[in-house]
A.B. asks: 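One structure is given below, represented as structure tokens, and several questions about it will come after.
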Amino acid sequence: MRFAPDSRPIPAFVFDMDGLLVNREPLGRSTMTALLRGYNHEWRPDAGRNMAGRRLPELMEVVAEAYGLTTPVAELCQAFETQFIAAVQGQVAPLPGVHELIAFGRASGLKLALASSGWRHYVDAILIEAGLAGAFDAEVTGEEVARGKPHPDPFLLAAARLGVRPEQCVVFEDAPAGVEAAVAAGMHVVAIPRGSTLHAPFPRSPHAAFASLHDAVPWLEARGVGSVKR
């Protein structure tokens, strides 16, 4: 499969953040555990099943229902975000292949965007800690769209901010909800499942799936991406 039927090169990459650029699962799990203990509950993995890639308010709605919490969802989200950001230092680093793929995109003259379900303060904290602040030409965060993943809104906004058509973008995602959103947006999708998404079913199939972002570069090159510098 070549990406563009009209032979024009792909001009843009769009990246998810959590689980793709960084592994925030251990810190996220410990933060959720601490939060729930404040309400005399213990975290159960099944409480947030199949919620990877979705926005924090949607996750907290599920958690509140699972534990019978009457605290407003907005208050739960604020408490989680505050505790997470306070503990983020030294706990988040780029995953294998991240710098390589970003460098490949830059060397090829591609535009790069981030489309995250996280809120702005959370995203900023992660990017700074991972040394990725300023790596993208455009960034979309969860509060900027009416509908989060699996709806296509975050990816469509990212393409608009880059000034490219959705079908000209290659999206890199780890979560089923993110892959579903990118496919719905009409974009080419590369899945890098790991952690909680490693064996998760994908309702919409990506165009390709790899163990790490390292493996994506030769696959992209074989399809003509990066062969023409701008």
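Given the structure is predicted, the values throughout are model-derived calculations rather than measurements.
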A.B. asks: To the nearest 0.5 Å, what is the distance between CG (Leu114) and CG (Leu127)?
C.D. replies: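 Spacing of CG (Leu114) from CG (Leu127) equals 6.0 Å.
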A.B. asks: Roughly how far, to the nearest 0.5 Å, is the CD1 atom of Ile102 from the CZ atom of Phe136?
C.D. replies: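 It comes to 4.5 Å.
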A.B. asks: Check whether Val225 and Leu20 end up in the same hydrophobic cluster, where Ile, Leu, Val, Met, Phe, Trp and Tyr are linked by side-chain heavy atoms less than 4.5 Å apart.
C.D. replies: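 Looking at the clustering, Leu20 is in the same group as Val225.
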A.B. asks: Please examine the side chains of Ile10 and Leu220, heavy atoms only from C-beta on, and report whether any two atoms are closer than 4.5 Å.
C.D. replies: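 Sidechains of Ile10 and Leu220: no contact.
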A.B. asks: Mind checking side-chain hydrogen bond (donor to acceptor under 3.5 Å, both in side chains) for Glu143 and listing every partner two or more places apart, or none if nothing turns up?
C.D. replies: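 Listed in chain order: Thr141.
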A.B. asks: Can you list every side-chain hydrogen bond (donor to acceptor under 3.5 Å, both in side chains) pair that touches residues 72-88, not counting sequence neighbours?
C.D. replies: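 Only Gln78-Thr82 qualify under side-chain hydrogen bond (donor to acceptor under 3.5 Å, both in side chains).
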A.B. asks: Is any side-chain heavy atom of Glu173 less than 4.5 Å from a side-chain heavy atom of Phe202?
C.D. replies: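 A side-chain contact under 4.5 Å is absent here.
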A.B. asks: Which atoms form the tightest heavy-atom contact between Gly19 and Leu95, and what is the distance?
C.D. replies: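 Residues Gly19 and Leu95, closest heavy atoms: O-CD1, 3.7 Å.
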A.B. asks: Tell me every residue that passes ring-ring contact (aromatic ring centres under 6.0 Å, His included) with His214, counting only those two or more places apart in sequence or in another chain.
C.D. replies: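 Per chain and number, His214 pairs via ring-ring contact (aromatic ring centres under 6.0 Å, His included) with no residue.
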A.B. asks: Is the backbone of Gln168 close enough, under 3.5 Å, to the side chain of His188 for a donor and an acceptor to pair up by distance?
C.D. replies: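 No, His188 side chain to Gln168 backbone: no donor-acceptor pair under 3.5 Å.
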A.B. asks: Can you tell me how far apart CE (Met17) and OH (Tyr122) are? Round to the nearest 0.5 Å.
C.D. replies: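 Between Met17 CE and Tyr122 OH, I get 4.5 Å after rounding to 0.5 Å.
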A.B. asks: Taking the side chain as C-beta and beyond, is there a heavy-atom pair between Leu101 and Val217 under 4.5 Å?
C.D. replies: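 In contact.
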A.B. asks: Please round to the nearest 0.5 Å and tell me the distance separating atom NE2 of His99 and atom CG of Leu21.
C.D. replies: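 Here the rounded value is 9.5 Å.
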A.B. asks: My understanding is that only residues two or more places apart in sequence, or in another chain, count here; which of them pass salt bridge (charged side-chain N to carboxylate O under 4.0 Å, His left out) with Glu180?
C.D. replies: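 Partners of Glu180 by the salt bridge (charged side-chain N to carboxylate O under 4.0 Å, His left out) criterion come out as none, since no residue qualifies.
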A.B. asks: Sequence neighbours left out, what passes ring-ring contact (aromatic ring centres under 6.0 Å, His included) with Phe210? Give chain and number order.
C.D. replies: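 Here the qualifying residues are Trp219.
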A.B. asks: Is there side-chain contact between Val22 and Glu129, with at least one heavy-atom pair below 4.5 Å?
C.D. replies: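 Heavy-atom side-chain distance check fails, nothing below 4.5 Å.
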A.B. asks: Please tell me whether Leu156 and Leu112 are part of a single hydrophobic cluster in this structure, the criterion being side-chain heavy atoms less than 4.5 Å apart.
C.D. replies: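 Different clusters.
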A.B. asks: Does the side chain of Asp124 come within less than 4.5 Å of Ile85's, by heavy atoms?
C.D. replies: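 SC-SC contact between Ile85 and Asp124 ruled out.
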A.B. asks: Could you check if a side-chain atom of Pro203 sits within less than 4.5 angstrom of a side-chain atom of Pro176, using non-hydrogen atoms only?
C.D. replies: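 Of all side-chain heavy-atom pairs linking Pro176 with Pro203, at least one is under 4.5 Å.
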A.B. asks: Assigning hydrophobic clusters by single linkage (Ile, Leu, Val, Met, Phe, Trp, Tyr; side-chain heavy-atom cutoff under 4.5 Å), is Val14 placed with Leu157?
C.D. replies: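 Each belongs to a different hydrophobic cluster.
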A.B. asks: Hey, are the side chains of Leu110 and Phe104 touching, using non-hydrogen atoms and a 4.5 Å cut-off?
C.D. replies: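 Leu110 does not reach Phe104 side chain to side chain.
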A.B. asks: Please give me the minimum heavy-atom distance between Gly148 and Glu58, naming the atom from each residue.
C.D. replies: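 Taking Gly148 first and Glu58 second, the nearest heavy atoms are N-OE2, 4.3 Å.
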A.B. asks: Quick one: closest heavy-atom pair of Pro57 and Val73, and the distance?
C.D. replies: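 Result for this residue pair: O-CG1, 3.7 Å.
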A.B. asks: side-chain contact (heavy atoms from CB on, under 4.5 Å), that's the test. Do Val171 and Asp16 meet it? Break it down for me.
C.D. replies: CA-CA 8 Å; Val171 171; Asp16 174 46; over 6 Å; no
A.B. asks: For Met187 and Cys169, work out which heavy atoms get closest and say how close.
C.D. replies: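 That closest heavy-atom pairing would be CB-O, 3.8 Å.
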A.B. asks: Just jot down the salt bridge (charged side-chain N to carboxylate O under 4.0 Å, His left out) partners of Arg194, sequence neighbours excluded, or say none.
C.D. replies: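 Here no residue qualifies.
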A.B. asks: Can you hop from Val140 to Leu162 via hydrophobic side chains spaced under 4.5 Å?
C.D. replies: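 As far as the 4.5 Å side-chain criterion goes, Leu162 and Val140 are not connected within one cluster.
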A.B. asks: Mark yes or no for whether His207, through its side chain, and Val190, through its backbone, hold a donor-acceptor pair below 3.5 Å.
C.D. replies: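 Checked: no pair found.
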A.B. asks: Considering all heavy atoms of both residues, which atom of Ala146 and which atom of Arg55 are nearest to each other, and what is their separation?
C.D. replies: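 Nearest pair, atom of Ala146 first, then Arg55: O-NH2, 3.5 Å.
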A.B. asks: Do you know which two heavy atoms are closest between Ile128 and Ala133, and how far apart they sit?
C.D. replies: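 Reported closest heavy-atom pair: CG1-CB, 4.1 Å.
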A.B. asks: Tell me every residue that passes salt bridge (charged side-chain N to carboxylate O under 4.0 Å, His left out) with Glu139, counting only those two or more places apart in sequence or in another chain.
C.D. replies: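 Counting only residues at least two positions away or on another chain, Glu139 forms a salt bridge (charged side-chain N to carboxylate O under 4.0 Å, His left out) with Arg120.
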A.B. asks: CZ/Phe84 to CG/Leu56 distance, rounded to the nearest 0.5 angstrom?
C.D. replies: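 Going from CZ on Phe84 over to CG on Leu56, the span is 10.5 Å.
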A.B. asks: Side-chain contact test, heavy atoms from C-beta onward, threshold under 4.5 Å: evaluate it for Lys149 versus Pro154 and give yes or no.
C.D. replies: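 Heavy-atom side-chain distance check passes, below 4.5 Å.
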A.B. asks: Under the rule for side-chain hydrogen bond (donor to acceptor under 3.5 Å, both in side chains), what residues qualify as partners of Gln89, not counting sequence neighbours?
C.D. replies: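 With sequence neighbours excluded, Gln89 shows a side-chain hydrogen bond (donor to acceptor under 3.5 Å, both in side chains) to no residue whatsoever.
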A.B. asks: Does anything in residues 28-39 pair up under salt bridge (charged side-chain N to carboxylate O under 4.0 Å, His left out), and if so which pairs, sequence neighbours excluded?
C.D. replies: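 Counting only pairs at least two positions apart or across chains, the salt bridge (charged side-chain N to carboxylate O under 4.0 Å, His left out) contacts touching residues 28-39 are Glu25-Arg29, Arg37-Glu42.
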A.B. asks: Quick one: ring-ring contact (aromatic ring centres under 6.0 Å, His included) pairs with a partner in residues 144-177, sequence neighbours left out?
C.D. replies: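 For residues 144-177, and leaving out neighbouring residues, the ring-ring contact (aromatic ring centres under 6.0 Å, His included) pairs sorted by first residue read Phe13-Phe172, Phe15-Phe172.
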A.B. asks: Measure the spacing between CG of Leu69 and CE of Met60 and express it to the nearest 0.5 Å.
C.D. replies: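 Answer for the CG-CE pair, Leu69 versus Met60, is 9.0 Å.
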A.B. asks: Kindly give the cluster partners of Trp119, where membership spreads through any ILVMFWY side chain lying under 4.5 Å from a current member.
C.D. replies: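 None, because no other hydrophobic side chain comes under 4.5 Å of this residue.
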A.B. asks: Can you pull out every salt bridge (charged side-chain N to carboxylate O under 4.0 Å, His left out) where at least one residue sits in residues 96-109? Sequence neighbours excluded, please.
C.D. replies: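 Listed once each, the pairs are Arg106-Asp137.
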A.B. asks: Any donor-acceptor pair under 3.5 Å linking the side chain of Arg204 with the backbone of Val183?
C.D. replies: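 No.
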A.B. asks: Tell me whether Arg161 is salt-bridged to Glu144, with the criterion being a basic N under 4.0 Å from an acidic carboxylate O.
C.D. replies: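 Between Glu144 and Arg161 there is a salt bridge, with a charged N closer than 4.0 Å to a carboxylate O.
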